[in-house]
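Every heavy atom of this structure was used, including side-chain atoms; hydrogens, water molecules and symmetry mates were not.
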Amino acid sequence: DFSRGHRGLGPEAAQREVAFIATQLGLERGAVVLDLCCGQGELTIEMNRRGFSVVGYDLSVYQLAVAGDNAQNAKQKINFLQGDMREMAFDAMFDAI
């Protein structure tokens, strides 16, 4: 249902949002970032383009499939993982979430 109503950010909005996130969190190129609830991967892909090492994480298999297609179309190699954020088992792996 969500995907039917989601129109996407668009490239310009994704660029602005990632610039804001990077500035606010003080992220430098190479930082390891978890894009929690990554959806269709718009921010994940833009972060990866900027040189961050990004993992996309979402509950929705459908959204992750779209994210994978979007990353492939953008010629970006990104790991997308499916799971419930309440049950994540990551331990001190990321510089930012």
Quick one: pull up [atom1] in [X] and [atom2] in [Y] and give me the separation to the nearest 0.5 Å.
| X | Y | atom1 | atom2 | answer |
| --- | --- | --- | --- | --- |
| Met47 | Leu34 | CE | CG | 9.5 Å |
| Asp35 | Asn79 | CG | CG | 13.0 Å |
| Leu9 | Gln15 | CG | CD | 11.0 Å |
| Gln76 | Ile45 | CD | CD1 | 7.0 Å |
| Thr44 | Ile78 | OG1 | CD1 | 6.0 Å |
| Asp58 | Cys37 | CG | SG | 6.0 Å |

Same cluster for [X] and [Y] if Ile/Leu/Val/Met/Phe/Trp/Tyr side chains link at under 4.5 Å?
| X | Y | value |
| --- | --- | --- |
| Ile21 | Val54 | yes |
| Leu64 | Tyr62 | no |
| Phe52 | Val32 | no |

When you look at CD of Gln82, are more than 12 heavy atoms from neighbouring residues, nucleotides or ligands closer to it than 6.0 Å?
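Yes, the 6.0 Å shell around CD holds more than 12 heavy atoms from other groups.
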
Over 12 foreign heavy atoms within 6.0 Å of CE, Met85:
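Count not over threshold, so no.
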
Nearest heavy-atom neighbours spanning Arg49 and Ala74
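That would be NH2-CB, 3.4 Å.
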
Determine the minimum heavy-atom distance between Gly41 and Ala67, stating which atoms define it.
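What the structure gives for the nearest pair is N-CB, 3.7 Å.
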
Ala22 backbone acceptor or donor facing Arg50 side chain under 3.5 Å
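Checked: no pair found.
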
Answer yes or no: is there a side-chain heavy-atom contact under 4.5 Å between [X] and [Y]?
| X | Y | result |
| --- | --- | --- |
| Met88 | Leu36 | yes |
| Asp95 | Val33 | no |
| Leu43 | Glu17 | yes |
| Glu46 | Glu42 | no |
| Val55 | Leu81 | yes |

Answer with yes or no after comparing the ring centroid distance for Tyr57 and Phe80 against a 6.0 Å cut-off, counting only values under it.
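Distance test on ring centres: not under 6.0 Å, no.
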
Distance alone, cut at 3.5 Å: any donor-acceptor contact between the side chains of Gln40 and Asn70?
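Result is no, nothing qualifies.
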
